[in-house]
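Everything on this sheet refers to the single structure shown next.
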There are 2 protein chains.
Amino acid sequence: MKADNRLSSVLHVLLHMIELDEPLTSDELSQMLTSHPVVVRRTLAGLRDAGLVRSEKGHGGGWVIDCDPAKVSLYDIHQALGSPALISIGHRNHNPACLVEATVNAALNQAIEDAEALLIARFKAISLADLGAGFHAGLSERVGHLTLEDMLKRHPAPSPKGTSDV
Amino acid sequence: MKADNRLSSVLHVLLHMIELDEPLTSDELSQMLTSHPVVVRRTLAGLRDAGLVRSEKGHGGGWVIDCDPAKVSLYDIHQALGSPALISIGHRNHNPACLVEATVNAALNQAIEDAEALLIARFKAISLADLGAGFHAGLSERVGHLTLEDMLKRHPAPSPKGTSDV
DNA sequence: TATCATGCAACATTTAAAGTTACATGAAAG
DNA sequence: CTTTCATGTAACTTTAAATGTTGCATGATA
């Protein structure tokens, strides 16, 4: 099963948007994520609808942060993405009349729901500002903001295929 | 993202195998699971290799339980299935040079690993016999040994620089 | 008005899982 | 010992969800 990296991707670009407070285009963001501009717009559309970012058209346009990073949690962002599934296992519910199946489902459900609750509790406890603080703590030798060139240097385009980075 | 129901399916048929101690054919099992006999064999192959079930060929053949249900946990079964992913979200790890990405990943990883640890702890705490007992009791009361509060206590949110446990 | 950017619908590609076919192996019944 | 039934497994097809892509409309700015 393939992991869903959207939350990770979105957090990544949000932090860059906070660092660099000029609009970032879908094209630039897609280079950071080794993805496609339309995919970026599709993904960020939910955040725009939730009022977390703003998108501006035309010359000098792009994506801008539009919230207080201290007041937005990872949970808010997860919700803005449409609350995708957090747990990858489920239960078959083909025959509710089968007591064996019902018993299995009850046991699995309890574990699954609690793991989900743990993740959600953690997500609620971490704000964008927290992540930004962690970032700056790790950046102690560097002073000031990163330039866009700095950033793109750290997000090179994939040379021939795959094994690139972001 | 589509949930993986193999653990649920396998538990279901294992309990039926325990109930009814005559061999069940892949064909019969596939009917229970609304699936295909070859898929059943594929899935149960791991359990056979792990010594949890036995398969017999020829007339009167099929699948038989081959373990002590009290000594086999859901974790053992999950492992026998090849330890499929439990958490459906991940992180992009394309560029370790990007400090922003590293920060995001650290935060997500901690939450993900702890949720995974919770699920595994639960799975270790539930045996096939527990499920069977729950089934015979008509309800699975015995199945939740740990409460969510217990687990959250063991997985505190790492606000300053938390290190996790378990 | 030319250009740059997003918005979005529609289609194509990718990928992992499930489903399916085909045939070999082995066990029991006749 | 031959037939029948069952698993073992490789190879192929189908399916479903996500990503990627194209094309065009809309709006903002120079």
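All values reported here derive from a predicted model rather than from experimental measurement. Chain identifiers are assigned alphabetically (A, B, ...) following the order of the sequence lines, protein sequences preceding nucleic acid strands; residue numbering begins at 1 within each chain.
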Rounding to a whole Å, what distance do you find between [X]:[atom1] and [N]:[atom2]?
X	N	atom1	atom2	answer
B:E22	C:dA28	CD	C1'	16 Å
A:R54	C:dT6	CZ	C1'	14 Å
B:H36	D:dA6	NE2	P	15 Å
A:L47	C:dG7	CG	C1'	16 Å
A:E28	C:dC4	CD	P	13 Å
B:L44	D:dA6	CG	P	16 Å
A:E56	D:dT26	CD	C1'	16 Å
B:R42	D:dA6	CZ	P	20 Å

Report the distance from atom CZ of A:R6 to atom CG of A:L33, rounding to the nearest 0.5 Å.
13.0 Å
Taking A:S26 as the fixed residue, which of A:Q31, A:H36, A:R41 is the one that meets the side-chain hydrogen bond (donor to acceptor under 3.5 Å, both in side chains) rule?
A:R41
Is the shortest side-chain N/O distance from [X] to OP1 or OP2 of [N] below 4.0 Å?
X	N	result
A:R48	C:dT6	no
A:S35	D:dG20	yes
B:R41	D:dG8	no
A:S55	C:dG7	yes

By nearest-nucleotide position on DNA chain D, the 5'-leaning member of A:H59 and A:K2 is A:K2
So which one's nearest nucleotide on DNA chain D is more toward 5', A:K57 or A:D4?
A:D4
Quick note, A:W63 side chain, CB onward, closest among D:dA6, C:dA9, C:dG7 is C:dG7
Short side-chain to backbone donor-acceptor contact, A:S88 and B:A3, under 3.5 Å:
no
Of B:L14, B:V64, B:L24, the residue whose pairing with B:V53 passes side-chain contact (heavy atoms from CB on, under 4.5 Å):
B:L14
For A:M1 and A:G61, find the nucleotide of DNA chain C closest to each by heavy atoms; which residue's nucleotide sits nearer the 5' end?
A:G61
Which part of the nucleic acid, if any, lies within contact of A:G60, taking any heavy atom under 4.0 Å across all strands shown: a base, the sugar-phosphate backbone alone, or nothing?
nothing
Is the shortest heavy-atom distance from the side chain of B:I89 to the side chain of B:I87 under 4.5 Å?
yes
